[in-house]
Amino acid sequence: MIATIPLRPASTPLIRLLLGLGFALAAAFSAAQSPPASSQSAKSGESAIADTLAPGVDIALVLPLDSPSLERAADAVRAGFLAAAGAGGSGMRTQVFAHGADGVLAAVEAARASGAKVIVGPLARDDVNVVAQLATGLPLTIALNQLEEGVSAPSGFYTFALAVDSDARLIARRMRAEATRSAAVISAESAISRRMGTAFAAEWLARGGTAPGAFRFDAAPEALATLRRDFLRNAPDGVFVALDGAAVMLVKAYLGTVPAYASGLLFDQTMPAGARDLDGLVVVEIPWLATPDAPQFVDLPRREYPSAALERLYALGLDAFRISLAFRDGPPRNFVVDGATGRIALFDGHQLVREGRFVVYRNGEPVALDGAR
């Protein structure tokens, strides 16, 4: 049984970005705000919840499907989750609880009241923090984003996110494994770019590397010329480009022959024919996109989306259902699975950490690197 229950609070939805997911999704969403709901419509919505809840729910999926700025992202996650539920033949009774910008606690409470053994969600980072701090007495909960630093995960609360941090750390480990002696980071002013650079540097230092060089990206021609001069003056053995796809294409030509690495999570659109400019670039990508013909994906339906960002969210939904099945009888002692978003493992008690797969651009096309996960 699959049902979607709308939850519309009586307040204007705020525009929120999924910063914890680690890539620029803003272009995929509408930035329009919906008008405030009337108190009467809110009351009617609450009555509808009580009247339509079905008993015996196994897995509850809580998503911001009623948030104008996040509905497309939420719908991609829902589509992946329900596709996996339909393909797996698990027999699990799944129910979707939709909410708007300020309705996450009501949605989570409705999911709890349904008797669900596992709650999957919320999706937005702000909502994950709110639920972690204010919701009590929940069943096992798998949030689809990261917690802010300093926010502790309560008992039975787990996080599973498409986070750029894991890509940055994976790149640092690969560079060290390939005997890269010196490294540099090129980053921008955005919060995501800075977080990527910080995660890379921390992992690089933890693996015995010396402090990486730091370069700031600016798209102005004179700034790029300066970057090229300063970068090549003392060229490192490898460079992590903590930028989005368009910026990576722009800066790659200024790096000479230095091996360069990037996170595919920031490549929102399919690269155009000019992607030959990226030849030689090594990128961490999710297996769903890097190796679409892999045997483990044969029975999973695919959806066409206008951006790679939404395809990654669909893959997040696929893996979220598989994880929820593993948690339905309690937290597994050991959990490792090769999923659509990468190799997923339970880390530090409360985090489900994923590692993507490495691809390299050749003749303008990404090609999976043999032996890389």
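From a predicted model like this one, the values you see are computed outputs, not experimental measurements.
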Do you reckon [X] sits in the same ILVMFWY cluster as [Y], going by side-chain contacts under 4.5 Å, direct or chained?
| X | Y | answer |
| --- | --- | --- |
| Tyr254 | Leu232 | yes |
| Leu134 | Leu147 | yes |
| Val104 | Val151 | yes |
| Leu346 | Val353 | no |

[X] side chain to [Y] backbone, donor-acceptor under 3.5 Å:
| X | Y | value |
| --- | --- | --- |
| Thr180 | Met175 | yes |
| His350 | Phe157 | yes |
| Ser193 | Ala242 | yes |
| Ser67 | Gly100 | no |
| Thr291 | Asp293 | no |
| Trp204 | Thr210 | yes |

Please find the pair of heavy atoms, one from [X] and one from [Y], that lie closest to each other, and give the distance.
| X | Y | answer |
| --- | --- | --- |
| Gly264 | Asp167 | N-OD2, 4.4 Å |
| Asn145 | Arg125 | ND2-N, 3.4 Å |
| Ala98 | Asp66 | CB-OD2, 3.9 Å |
| Val241 | Ala260 | CG2-CB, 4.3 Å |
| Ala326 | Pro332 | O-CD, 3.9 Å |
| Val128 | Pro122 | CG2-O, 3.7 Å |

When rounded to the nearest 0.5 angstrom, what distance separates [atom1] in [X] from [atom2] in [Y]?
| X | Y | atom1 | atom2 | result |
| --- | --- | --- | --- | --- |
| Ser166 | Arg343 | OG | CZ | 14.5 Å |
| Arg93 | Ser114 | CZ | OG | 10.0 Å |
| Glu203 | Thr198 | CD | OG1 | 13.0 Å |
| Leu144 | Leu63 | CG | CG | 7.0 Å |
| Leu205 | Arg176 | CG | CZ | 9.5 Å |
| Asp237 | Glu178 | CG | CD | 11.5 Å |

side-chain contact (heavy atoms from CB on, under 4.5 Å) between Leu243 and Ile186, intermediate numbers included = CA-CA 8 Å; Leu243 304 171; Ile186 300 176; 4.1 Å; yes
Measure the shortest side-chain to side-chain distance between [X] and [Y] over non-hydrogen atoms and say whether it is less than 4.5 angstrom.
| X | Y | result |
| --- | --- | --- |
| Asp165 | Phe200 | no |
| Val258 | Phe231 | yes |
| Ile323 | Phe335 | yes |
| Tyr361 | Val283 | yes |
| Val239 | Val185 | no |
| Arg312 | Trp288 | no |
| Met92 | Ile59 | yes |
| Leu224 | Leu250 | yes |

Tyr158 and Phe327: aromatic ring centres closer than 6.0 Å?
-> yes
Among all residues two or more places apart in sequence or in another chain, which pass the salt bridge (Lys or Arg N to Asp or Glu O under 4.0 Å) test with Arg233?
-> Asp230
Strictly below 4.0 Å, N to O, side chains only: are [X] and [Y] in salt-bridge contact?
| X | Y | answer |
| --- | --- | --- |
| Glu355 | Arg169 | no |
| Glu149 | Arg195 | no |
| Arg216 | Glu189 | yes |
| Asp279 | Arg362 | no |
| Asp75 | Arg78 | yes |

Answer with yes or no whether the side chains of Thr341 and Asp319 bring together a donor and an acceptor at under 3.5 Å.
-> yes
What do the steps show when you test Phe240 against Tyr261 for ring pair (Phe, Tyr, Trp, His ring centres under 6.0 Å), and what is the final call?
-> CA-CA 5 Å; Phe240 174 44; Tyr261 302 78; 8.3 Å; no
Would Asp277 and Lys252 satisfy side-chain contact (heavy atoms from CB on, under 4.5 Å), going step by step from the backbone distance to the final call?
-> CA-CA 7 Å; Asp277 295 338; Lys252 176 69 166 57; 5.6 Å; no
State which residues pass side chain to side chain donor-acceptor pair (under 3.5 Å) with Tyr314; sequence neighbours excluded, sorted by chain then number.
-> none
Would you list the pairs meeting salt bridge (charged side-chain N to carboxylate O under 4.0 Å, His left out) in which at least one residue belongs to residues 111-120, sequence neighbours left out?
-> Asp58-Lys117, Glu109-Arg112
So Leu227 and Val251, side-chain contact (heavy atoms from CB on, under 4.5 Å) or not? Walk me through it.
-> CA-CA 9 Å; Leu227 170 65; Val251 80; 3.3 Å; yes
Please say whether the positively charged group of Arg174, taken as NZ for Lys or CZ for Arg, lies over the ring of Phe358, i.e. under 6.0 angstrom from the six-membered ring centre and within 45 degrees of the axis.
-> yes
Decide if atom CZ of Arg302 counts as having more than 12 heavy atoms of other residues, nucleotides or ligands within a radius under 6.0 Å.
-> yes
Let me see the working for Leu281 and Val248 under side-chain contact (heavy atoms from CB on, under 4.5 Å), right down to the final yes or no.
-> CA-CA 9 Å; Leu281 178 72; Val248 172; 3.6 Å; yes
